[in-house]
**Q** 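Here you go, one structure.
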Amino acid sequence: MSDKVRPRILKGMRDLPPEQMRARREMIDKIRIVYERYGFAPLETPTLEYVDALGKFLPEADQPDGGIFAFRDEDREWIALRYDLTAPLSRYFAMNKATLPRPYRRYQVGPVFRMEKPGPGRYREFYQFDFDSVGTSSMLADAEACMVMCDALEALGIEAGEYMVRVNNRKVLNGVLERVAGGDTLPPEVTHQVLRSIDKLDRLGIEGVAALLGPGRKDESGDVMKGVGLSVDQIKIVVGYLTAESATRMNVCDELESLIGESAIGREGIAELREIDTALTAGGFGEDRVVFDPTVVRGLAYYTGPVFEADLTVEIVDGSGRPRQFGSVFGGGRYDDLIARFTGEKVPATGASLGVDRLLAALIELGKIDAEPATAKVLVTRLDKNLTAEYQKIAGELRSAGINTELYVGKQGIGKQFKYASATGKTVCVVLGEDEMGKGEVSIKDLRLGDELSKEIGADRKKWLEEQPAQLSVPRLGIAESVREVLARYSSN
RNA sequence: GCCGGUGUAGCUCAGUUGGCUAGAGCGCCUGACUGUGGAUCAGGAGGCCUCGGGUUCGAGUCCCGACAUCGGUACCA
């Protein structure tokens with residue numbers, strides 16, 4: 001028997017190696033710049049919250065809802081890891097509403113936790129990057145949210161045409177449902193079912209959704225899915241709404257108007273969309289980047305007005321050659337009732353949330369970000385351990401010159417040191433021995449060039465080694481400049 | 001959660017109708033090469049064959065269960 005501990009990792013969680021850490025940090029930095037350019041300011045809240053603040057308490061069961069990581073503290077109070085950044089923002093705003101400016105605009109990035117089935121690109125711990133405007137009901141805030149989404153994606157190298165921000169309004173949806181109910185309101189659970197069915201549109205197609213709204217449908221595996229049970233006429237209204245497409249945002253509004261009829265809430269929603277269109281147009285955001293799309297619902301129950309979602313429209317092929325769907329990477333909307341849970345006072349708010357890890361995976365697949373593990377590109381090797389003091393001096397000089405430099409601190413010979421250098425992503429090795437010392441020189445080895453040239457190394461390795469075409473001798477005094485020159489051959493930025 | 005596929009070395013996979021010491025490629029390590037990674041050659045390490053039961057003289061191979069993983073479906077604040 002063994003008393004050793006078996007190393008394990010929690011389901012749906014992962015360790016991030018250096019190249020992913022660096023890629024993610026780079027991505028977050030670029031987005032932060034955009035958020036700040038619009039005046040959003042940083043906020044950080046704890047990862048743990050009381051369950052009631054997250055709003056996921058199940059009173060009947062005296063237990064938190066499934067789907068979150070929860071436990072009890074020493075006072076038997078339920079505590080949970082946050083599952084998004086919006087609920088903590090609401091809590092924070094409610095606690096500080098007396099002193100916070102209105103609108104209060106903050107951004108926040110950090111890990112959130114959900115106990116769901118993990119899948120490719122789906123984890124139980126992942127990063128979200130949110131920005132929100134709290135305390136204004138102006139549609140300018142919603143329009144701006146769309147602009148920020150566009151700017152953020154474009155800052156990451158995803159250009160107009162490779163993504164699309166799609167906007168809808170829950171109020172319009174409610175107006176349609178009002179018509180479905182014949183001027184009445186549908187029971188909440190029916191509303192919810194209808195929304196869920198619409199949400200499956202991209203997967204099932206319009207016929208599939210129609211079937212779901214009516215009697216239900218069978219999928220290929222023979223599984224029966226219960227339908228909502230609407231009548232043919234009712235389904236017709238919903239389908240007509242979902243298929244309302246037009247060339248321009250204004251045309252979509254016109255078309256929706258005729259579908260909505262007299263519904264007051266629906267008309268309000270359309271008026272809001274028109275305001276958003278005006279702001280977007282004035283801001284220079286055309287139909288190539290932001291469209292109005294009646295099929296956008298967003299699962300979240302708390303949205304009360306405009307909802308928006310950014311999808312990648314470029315085809316992404318994964319390593320094994322099959323196309324990968326990244327779906328919505330960025331989404332949000334208006335949630336005017338969320339903060340009232342704490343304050344009683346209605347505080348309008350709107351914002352959006354970026355799925356950092358999912359978008360990062362897409363960026364890597366698209367080659368828009370390089371997953372570079374090395375923080376230092378230069379390794380000062382230690383050919384002759386007696387010259388260590390000199391090596392330290394060289395490393396120090398390079399660092400003073402602003403060049404990230406690693407001094408080899410292992411104990412192995414020069415061959416292993418070069419191996420180590422390429423394994424850790426170095427591009428330059430500094431080599432110095434008695435020979436160079438005597439001549440007042442140092443050797444600089446270009447590992448990448450060596451990589452290239454080694455393809456034609458052939459059988460005569462000895463000769464190749466003597467020539468060392470990827471290596472050059474430079475004066476010891478100008479070392480920083482020389483290293484910088486070699487590095488410059490590969491600097492991509 | 002439900003349905004289906006798959007679980008053999010770090011990775012990708014072989015493994016004949018159940019039958020001797022479980023294999024390959026890549027990677028890794030060591031050496032040829034005492035001042036040079038990538039080439040070549042030679043060697044080497046590394047396997048509770050996912051786990052637990054069962055059938056059998058005998059199980060990596062068959063049966064049951066668990067777990068993991070992948071895909072579909074449901075849920076998704």
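Order of the sequence lines sets the chain letters (A, B, ...), proteins ahead of strands, with each chain counted from 1.
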**Q** Are Tyr490(A) and Asp446(A) close enough that a side-chain donor and a side-chain acceptor fall under 3.5 Å?
**A**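 Yes, a side-chain donor-acceptor pair sits under 3.5 Å.
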**Q** With 3.5 Å as the limit, what N/O pairs link the protein to nucleotides 42-46 of chain B?
**A**
none

**Q** Starting from P on A77(B), measure out to CD on Gln128(A) and report it in whole angstrom.
**A** 12 Å
**Q** Would you say the side chain of Leu177(A) lies within less than 4.5 Å of the side chain of Val194(A), judging by non-hydrogen atoms?
**A**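 Answer yes - side chains close enough.
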**Q** Considering only side-chain heavy atoms of Phe418(A), which listed nucleotide, C76(B), G37(B), G35(B), is closest?
**A** G37(B)
**Q** Quantified in whole Å, what is the C1' atom distance between nucleotide C28(B) and nucleotide C67(B)?
**A** 30 Å
**Q** With sugar-phosphate meaning primed atoms plus P, OP1 and OP2, does Lys117(A) contact a base, only sugar-phosphate, or nothing at under 4.0 Å between heavy atoms?
**A**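 If one applies the 4.0 Å heavy-atom cut-off, Lys117(A) turns out to touch a base.
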**Q** Heavy atoms under 4.0 Å, any strand shown: does Arg82(A) hit a base, just sugar-phosphate, or nothing?
**A**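 No contact at all - Arg82(A) keeps every heavy atom at 4.0 Å or more from the nucleic acid.
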**Q** Whole angstroms only, please: what is the NZ-P distance between Lys419(A) and U36(B)?
**A** 14 Å
**Q** Please give the distance between the C1' atoms of C70(B) and C63(B) as a whole number of Å.
**A**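 My reading of the C1' atoms in C70(B) and C63(B) gives 24 Å.
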**Q** Which whole number of Å gives the distance between the C1' atom of U56(B) and that of U50(B)?
**A** 23 Å
**Q** What nucleic acid atoms does Asp435(A) come within less than 4.0 Å of, heavy atoms only: base, sugar-phosphate, or nothing?
**A**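 Base contact - Asp435(A) has a heavy atom under 4.0 Å of at least one base atom.
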**Q** Under the salt bridge (charged side-chain N to carboxylate O under 4.0 Å, His left out) criterion, do Glu436(A) and Arg476(A) qualify, and how do the steps go?
**A** CA-CA 9 Å; Glu436(A) 289 89 345; Arg476(A) 166 73 181 82; over 6 Å; no
**Q** Taking atom C1' in both U8(B) and U61(B), what distance in whole Å separates the two?
**A**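 Rounded to whole Å, the distance is 11 Å.
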**Q** Answer with yes or no whether the side chains of Thr45(A) and Gln108(A) bring together a donor and an acceptor at under 3.5 Å.
**A** yes
**Q** Expressed as a whole number of angstroms, how long is the span from Tyr391(A):OH to U36(B):P?
**A**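 Atom-to-atom, Tyr391(A) to U36(B), this comes out as 13 Å.
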**Q** Any side-chain heavy-atom pair from Arg124(A) and Met115(A) closer than 4.5 angstrom?
**A** yes
**Q** Just compare A77(B), G38(B), U36(B) and give me whichever is closest to any side-chain atom of Gln471(A).
**A** U36(B)
**Q** What's the CD1-C1' distance between Ile198(A) and C76(B), to the nearest Å?
**A** 17 Å
**Q** Would you tell me whether Gln412(A) and Lys419(A) have side-chain atoms, one donor and one acceptor, within less than 3.5 Å of each other?
**A** no
**Q** Calculate the interatomic distance between Leu453(A) atom CG and G37(B) atom P; express it in whole Å.
**A** 15 Å
**Q** Choose from G35(B), U30(B), C75(B) the nucleotide whose nearest atom is closest to any side-chain atom of Leu383(A).
**A**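 So the nucleotide nearest the side chain must be G35(B).
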**Q** Mind checking the P distance from A45(B) to C2(B)? Whole angstroms is fine.
**A**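 Pairwise P distance, A45(B) against C2(B), rounds to 46 Å.
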**Q** Identify whether a stacking contact exists between Tyr83(A) and A77(B), where the ring centres must be under 5.5 Å apart and the planes under 30° apart.
**A**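 Stacked: centres under 5.5 Å apart, planes under 30°.
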**Q** Write down the distance between CG (Leu472(A)) and P (U36(B)), rounded to a whole number of angstrom.
**A** 18 Å
**Q** Any donor-acceptor pair under 3.5 Å linking the side-chain atoms of Asp142(A) with those of Thr350(A)?
**A**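 Present: a donor and an acceptor within the cut-off.
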**Q** Check the side chains of Tyr335(A) and Asp132(A) for a donor-acceptor pair under 3.5 angstrom, ignoring hydrogens and angles.
**A** yes
**Q** Which is true for Glu436(A) with a 4.0 Å heavy-atom rule: it touches a base, it touches only sugar-phosphate, or it touches nothing?
**A** base
**Q** Closest approach to the side chain of Trp464(A), judged atom by atom: which nucleotide of G37(B), G38(B), C76(B) is it?
**A** G38(B)
**Q** Expected output check: what is the dot-bracket annotation of RNA chain B, where ( ) and [ ] are pairs inside the strand (brackets for crossing ones), | is paired with another strand, and pairs are Watson-Crick or G-U under 3.5 Å?
**A** (((((((..((((.....[...)))).(((((.......))))).....(((((..]....))))))))))))....
**Q** Counting heavy atoms from C-beta on, name the nucleotide in G38(B), G35(B), U36(B) closest to the side chain of Ser454(A).
**A** G38(B)
**Q** Do Tyr35(A) and Phe129(A) make the cut of ring centroids closer than 6.0 angstrom?
**A**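 Yes: the rings meet the under 6.0 Å criterion.
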**Q** Enumerate donor-acceptor pairs with a distance under 3.5 Å from any side-chain N or O in residues 423-435 of chain A to protein atoms, sequence neighbours excluded.
**A**
residue, atom, partner, partner atom, Å
Thr424(A), OG1, Tyr420(A), O, 2.8
Thr424(A), OG1, Ala421(A), O, 3.2
Thr424(A), OG1, Lys426(A), NZ, 2.9
Lys426(A), NZ, Glu406(A), OE1, 2.9

**Q** Asp451(A) has a side chain; which of U36(B), A74(B), G37(B) sits nearest to it?
**A** G37(B)
**Q** When the P atoms of U16(B) and G54(B) are compared, how many Å lie between them, rounded to an integer?
**A**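 Pairwise P distance, G54(B) against U16(B), rounds to 25 Å.
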**Q** Name the nucleic acid region contacted by Gly415(A), choosing base, sugar-phosphate or nothing; use a 4.0 angstrom heavy-atom cut-off, strictly under.
**A** sugar-phosphate
**Q** Please state how far atom CZ in Arg114(A) lies from atom P in C76(B), giving the value in whole angstrom units.
**A**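 In whole Å, C76(B) P lies 12 Å from Arg114(A) CZ.
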**Q** Which nucleotide in the list G35(B), C75(B), G38(B) gets nearest to the side chain of Arg196(A)?
**A**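 Selected nucleotide (nearest to the side chain): C75(B).
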**Q** Is Lys200(A) touching bases, backbone alone, or none of the nucleic acid, heavy atoms closer than 4.0 Å?
**A** sugar-phosphate
**Q** Look at all strands and tell whether Tyr302(A) reaches a base, only sugar-phosphate, or nothing, counting heavy atoms closer than 4.0 Å.
**A** sugar-phosphate
**Q** Rounding to an integer number of Å, can you tell me how far Ile414(A) CD1 sits from G35(B) C1'?
**A** 7 Å
**Q** For the residue pair Arg105(A) and Ser133(A), confirm or rule out a side-chain donor-acceptor distance under 3.5 Å.
**A** yes
**Q** Go through G38(B), G35(B), A68(B) for me and flag the one nearest to the Lys11(A) side chain.
**A** A68(B)
**Q** Pick the P atom in C29(B) and in U69(B), then give their distance to the nearest Å.
**A**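 About 30 Å, rounded to a whole number of Å.
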**Q** Start with the C-alpha gap between Phe330(A) and Ser353(A), add the side-chain angles, then the distance that decides, and say whether side chain to side chain contact (heavy atoms under 4.5 Å, CB included) holds.
**A** CA-CA 6 Å; Phe330(A) 208 158; Ser353(A) 177; 5.8 Å; no
**Q** Using the P atom as the reference point in each nucleotide, state the distance between C41(B) and G52(B) in Å, no decimals.
**A** 42 Å
